[in-house]
Amino acid sequence: MTTSTTFHPPARLLLGPGPSNVEDRVLRAMSAQMVGYFDPSLVEVKSEITRLLRLAFGTLNAATFPLSGTGMAGMEAALINLLEAGDRAIIGVNGAFGDRMAQIVERCGATLIRIDAEWGRPIFPEQIEAALKKASGAKLFAVVHAETSTGVLQPLEGFRQVAERYQTTFVLDAVTSLAGHPVEVDRHGVDVCYSGTQKALSAPPGMAPITLSARAMELARGRKRKLQSFYFDVPLFAEYWETHQAYHHTPPITFYYALLEALRIVEEEGLEARFARHRLNHLALVAGLEALGLQMHVEAPYRLATLNTVKIPADVDDAKVRGRLLREFGIEIGGGLGVLKGKVWRIGLMGVNSRPNSVLLLLAALERILPNEGFSCGSGIAAANAVYAQG
Ligand SMILES: *Cc1c(COP(=O)(O)O)cnc(C)c1O
């Protein structure tokens with residue numbers, strides 16, 4: 001047996017719910033040397049990250065930066081900084097990530113008002129409004145823009161008016177939408193929006209970009225009791241980020257390099273072009289899957305481009321198909337979560353992976369594997385090509 005001192009992970013095409021593959025440019029940026037956390041060169045890196053995050057989030061918010069930690073760090077920080085024991089919070093739950101938010105609300109000692117919708121349907125602003133009518137004075141409401149567990153794109157229209165009418169705070173999870181779908185924080189009146197780096201940004205997991213309105217920062221600063229978590233105290237971290245002076249924690253500098261490079265790639269491509277690319281590859285994938293004879297889980301108007309859920313045909317072995325995709329083609333796709341376990345596959349087309357060769361390779365692989373697993377399928381490639389031909 002030979003021993004190796006370096007890692008040689010297998011080459012994978014990551015078409016699951018995240019992480020997605022990382023741009024080569026981003027990997028190269030990560031190999032750069034460390035600087036200190038007060039180094040003048042880092043001031044520039046940080047301010048570029050802020051400028052580019054504002055662009056991606058569609059906001060002018062002063063408080064816009066990456067928290068150290070994965071997407072869950074963003075979710076946790078967003079909720080714990082706003083909520084205190086005794087507060088009331090309304091959470092729209094139409095999938096596993098809404099359910100996570102609900103769990104965090106309870107861990108804060110706040111009163112949870114849960115609005116459930118089917119896993120595969122969006123939440124409607126009227127449902128939030130009805131809950132606010134009953135629980136007037138609720139501190140916040142939250143929904144998930146891109147429910148990675150179900151493939152639902154949550155429309156954002158109407159929530160702003162509800163938040164304004166009831167003088168409450170709008171929290172949005174944009175982990176799987178940022179840089180793949182328009183988020184438009186300011187236009188939609190979102191007060192706190194967080195994301196992750198390993199999905200449509202195509203950077204490694206490790207950062208949680210977040211943006212907070214002035215009103216949300218005021219709430220976080222004006223708590224009755226100090227936040228129990230030092231690490232996730234957003235106003236404290238903001239002081240380091242903005243003044244470049246106050247030490248809070250040693251920031252993961254390598255990840256700042258990675259995020260900056262990933263955001264530069266977003267800016268070079270242009271947001272509109274990037275959204276259009278995600279949409280085109282999504283449409284081609286859906287056309288191909290349907291031509292294979294498979295059915296999508298979500299109705300067309302609510303489908304995410306970044307995460308596609310397709311029903312597993314009866315009698316087809318979920319784990320076996322996913323195992324063969326990985327072994328024979330190096331392709332990872334996701335299985336179902338929670339109530340959708342064993343019922344759907346989750347196919348991510350995020351960031352660098354949203355491209356025709358991912359779509360066509362996956363369709364070809366499924367076309368080869370499914371008939372062996374008892375599902376006689378049609379041809380998906382021609383249908384996908386027809387979508388590409390129309391552009
Ligand atoms: C992936 C994801 C998260 C959590 O991100 P991690 O990087 O896994 O911590 C939160 N919300 C949604 C919608 C996600 O898809």
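The structure displayed is predicted, hence computed values, not measured ones. All values below come from the heavy atoms of this structure, side chains included, with hydrogens, waters and symmetry mates left out. All ligand and atom numbering here is 1-based and tracks the order in the structure.
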Apply side chain to side chain donor-acceptor pair (under 3.5 Å) to S177 and H145, showing your working.
CA-CA 7 Å; S177 54; H145 191 203; 2.8 Å; yes

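Within 4.0 Å of ligand 1, heavy atoms belong to protein residues T70, G71, M72, M75, F97, V144, A146, T148, D173, V175, T176, Q198, K199.
For D24, the side-chain contact (heavy atoms from CB on, under 4.5 Å) partners at least two apart in sequence or on another chain are L27, R28.
Listed for the R324 side chain is no donor-acceptor partner under 3.5 Å among the backbone atoms of L370. Looking at N94, its side chain never comes within 3.5 Å of a backbone N or O of A117 through a donor-acceptor pair. At least one donor-acceptor pair closer than 3.5 Å links the side chain of E84 to the backbone N or O of K224.
A centroid separation of 6.0 Å or more is found between the aromatic rings of Y37 and W241.
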